[in-house]
Novice: 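So that we are looking at the same thing, I have put the structure below in structure tokens.
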Protein chains: 2
Amino acid sequence: MPAPISSRKRVLDQLVGLFRRDGYDGVSISRISDVTGLGRPSLYYYFPGGKDEMAHAVLDAASKWFDENVAAVARGDGTPASRLKTMLVNIDRFYSGGREACLLNAFMLGETNAALSKPVRAAFEAWVDAFALISRDTGATKTQARRRAEGAVARIQGALVLARSLNDDAIFARTLRDIETLILE
Amino acid sequence: MPAPISSRKRVLDQLVGLFRRDGYDGVSISRISDVTGLGRPSLYYYFPGGKDEMAHAVLDAASKWFDENVAAVARGDGTPASRLKTMLVNIDRFYSGGREACLLNAFMLGETNAALSKPVRAAFEAWVDAFALISRDTGATKTQARRRAEGAVARIQGALVLARSLNDDAIFARTLRDIETLILE
DNA sequence: GTCTATAATAGGATAGAC
DNA sequence: GTCTATCCTATTATAGAC
């Protein structure tokens with residue numbers, strides 16, 4: 001008998017890939033069924049709340065990833081420069097060097113998804129806070145740190161959009177490098 | 001009898017508002033019918049190709065707006081600084097100070113809309129070219145100008161995403177100001 | 001946990017009258 | 001140009017067997 005290749009965790013990972021690429025309205029349960037290899041009823045077994053619950057679960061998973069790989073690093077040991085370096089390396093990996101879209105950006109579309117706007121906003125705030133923490137540790141004032149951090153998050157988002165549209169990874173790589181000097185200055 | 005408040009041009013303007021906010025998949029013909037006050041068949045009278053044609057028409061309209069209000073200004077008379085200032089003022093107005101989303105970003109979602117990716121990419125290239133032209137006129141090398149222009153477009157896109165999510169117009173305003181120094185340096 | 005089968009609805013699109 | 005009426009398909013979601 002085949003190994004239990006199916007699990008909620010595995011499905012969740014695939015959902016991240018689908019939602020970040022196609023957005024909430026662009027993903028159908030049928031397509032999720034095709035990609036995961038699970039029948040539609042099985043998906044409702046894992047996510048009784050349907051697509052809505054899937055989207056929230058995906059946001060939770062992404063937030064958890066961010067907490068562990070970015071926010072925790074910002075609060076961790078080492079010089080500000082070394083912590084920032086690790087954060088950026090992890091971010092680069094999460095976005096596959098700029099080839100993958102941002103889930104938060106994808107979930108901002110559509111008024112149907114108004115319920116998603118609160119966790120999306122909270123996620124962006126956490127991003128900003130993480131960068132601001134590094135900036136403060138280099139001596140920036142609270143206001144300076146906040147603005148530089150906002151600039152960093154915005155540049156990452158914008159670089160993802162532009163790099164993906166122009167199919168040019170270098171744009172994303174350069175942006176991450178620029179952020180190092182922006183935050184540490 | 002009521003005045004002929006309906007016209008293709010008016011519908012097109014409303015379509016821009018709908019698509020930039022909800023994305024391609026997030027907009028239904030029924031909703032378009034509600035918003036425009038036109039019956040579904042009337043929409044197909046103006047756009048026989050259906051939703052697909054509507055999306056392309058909306059992109060064309062946005063590209064035309066950009067050509068007239070940004071690209072033409074970049075090629076126009078005046079100092080680089082004054083031309084850039086006008087471009088940024090027009091961009092600020094188009095995005096209502098950062099409260100309205102970017103159509104190009106919205107149209108990047110979904111594999112269904114693969115046909116849209118070519119015009120979207122062309123539009124981004126035109127954006128970059130316009131800023132690069134200003135930068136070159138201030139003495140930057142071709143490579144420098146290109147990179148600064150990419151940075152400017154990315155920052156605008158990212159600022160729109162972040163400003164809308166955090167509901168903070170100031171982020172967008174600061175970004176436009178930063179771009180002035182970025183391009184003119 | 002996963003399936004087959006099916007309900008119920010929403011979506012895109014068209015025919016044909018006026 | 002705009003409408004009523006309609007078609008067909010896709011979509012979300014559930015019932016119930018295994």
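Here is how names work: the chains are called A, B, and so on, in the same order as the sequence lines, proteins then strands, and each is numbered from 1.
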Novice: Summarise protein proximity over nucleotides 13-18 of chain C in one line of letters, 5' to 3': B for base, S for sugar-phosphate only, - for none, counting protein heavy atoms closer than 4.0 Å.
Specialist: BBB---
Novice: Starting at atom CG of Asp25(A), determine the distance to atom P of dA10(D), rounded to an integer number of angstrom.
Specialist: 18 Å
Novice: Classify the side-chain pair Tyr24(B)/Asp25(A) by whether it contains a donor and acceptor separated by less than 3.5 Å.
Specialist: no
Novice: To the nearest Å, give me how far apart CG (Asp22(A)) and P (dT11(D)) are.
Specialist: 12 Å
Novice: Only one of Leu18(A), Val11(A), Ile29(A) clears side chain to side chain contact (heavy atoms under 4.5 Å, CB included) with Met54(A); which?
Specialist: Ile29(A)
Novice: Answer whether the closest heavy-atom distance between the side chains of Arg93(B) and Asn69(B) falls below 4.5 Å.
Specialist: no
Novice: Report the distance from atom CG of Asp34(B) to atom P of dA10(C), rounded to the nearest whole Å.
Specialist: 13 Å
Novice: Using whole Å, report how far NZ of Lys9(B) lies from P of dG1(D).
Specialist: 17 Å
Novice: Please report, rounded to the nearest Å, how far the C1' atom of dT12(D) is from the OH atom of Tyr45(A).
Specialist: 21 Å
Novice: Which part of the nucleic acid, if any, lies within contact of Ser42(B), taking any heavy atom under 4.0 Å across all strands shown: a base, the sugar-phosphate backbone alone, or nothing?
Specialist: base
Novice: Can you run down the side chain to side chain donor-acceptor pair (under 3.5 Å) pairs that involve residues 154-167 of chain B, sequence neighbours left out, and say none if there aren't any?
Specialist: none
Novice: So, is Tyr46(B) near the phosphate of dT2(D), with a side-chain N or O under 4.0 Å from OP1 or OP2?
Specialist: yes
Novice: Quick one: Leu38(B) CG to dG1(D) C1', roughly how many Å, whole number?
Specialist: 9 Å
Novice: Whole Å only: how far is the CG atom of Leu43(A) from the P atom of dT11(D)?
Specialist: 14 Å
Novice: Over how many whole Å does the gap from Phe47(A) atom CZ to dT2(C) atom C1' extend?
Specialist: 15 Å
Novice: Could you point out which residue of Asp22(A), Leu109(A), Asn105(A) forms a side chain to side chain contact (heavy atoms under 4.5 Å, CB included) with Leu109(B)?
Specialist: Leu109(A)
Novice: Does some side-chain heavy atom of Thr143(B) sit less than 4.5 Å from a side-chain heavy atom of Arg146(B)?
Specialist: no
